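These notes concern the structure reproduced below.
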Amino acid sequence: MARIIELADNHDGTVSIFTTLIESDAPYQADYDTTDLNGLASLYREFGANDIHATVSRMGTSVDHNTELLLAHPWA
């Protein structure tokens, strides 16, 4: 997973910070002895989703993945 962060001047005295979550197009399952890039990306997805230390209540929901933070323009 990765996150794109984009800053935008809205030309109305505000700025927006957009965050977009992107994920690999790897298959959902791969053999554990794989060495190809798609297989390794698939294993990364599986291991990341199976974090035994994760606190489920802090993971958020689907509406938290892509966000816009609207702020007053600091130089306006």
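These numbers come from a predicted model, not from an experiment.
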Practice prompt. Kindly indicate whether the side chain of L43, heavy atoms from C-beta on, has any atom under 4.5 Å from the side chain of Y32.
Written response: yes
Worksheet item: More than 12 foreign heavy atoms under 6.0 Å from CG of L37: is that the case here?
Response: no
Worksheet item: Are I17 and V15 joined in one hydrophobic group, where the rule is that I, L, V, M, F, W and Y side chains link up if heavy atoms are under 4.5 Å apart?
Response: yes
Worksheet item: Applying salt bridge (charged side-chain N to carboxylate O under 4.0 Å, His left out), which residue pairs with at least one partner in residues 9-22 are found, sequence neighbours left out?
Response: none
Worksheet item: Just how far is it from atom CD of E23 to atom CZ of R3, taken to the nearest 0.5 Å?
Response: 11.5 Å
Worksheet item: Residues in side chain to side chain donor-acceptor pair (under 3.5 Å) with D25, at least two apart?
Response: none
Worksheet item: Is I4 isolated, or which residues cluster with it under the ILVMFWY side-chain rule of less than 4.5 Å, directly or via members?
Response: I22
Worksheet item: What are the two closest non-hydrogen atoms of N66 and T20, and how far apart are they?
Response: OD1-CA, 3.3 Å
Worksheet item: Rounded to the nearest 0.5 Å, how far apart are CD1 of I5 and CG of L69?
Response: 11.0 Å
Fill in: For N10, side chain to side chain donor-acceptor pair (under 3.5 Å) partners two or more places apart
T14, S16
Fill in: Closest heavy-atom pair and its distance - S42, P27
OG-O, 2.8 Å
Discussion item. So, using side chain to side chain contact (heavy atoms under 4.5 Å, CB included) as the criterion, who are the partners of D36 when residues are at least two apart?
Written reply: T34, N38
Practice prompt. List in chain and number order the residues that pass ring-ring contact (aromatic ring centres under 6.0 Å, His included) with H65, two or more places apart in sequence or in another chain; answer none if no residue qualifies.
Written response: none
Worksheet entry | Whether over 12 other heavy atoms sit under 6.0 Å from F18 CZ | yes
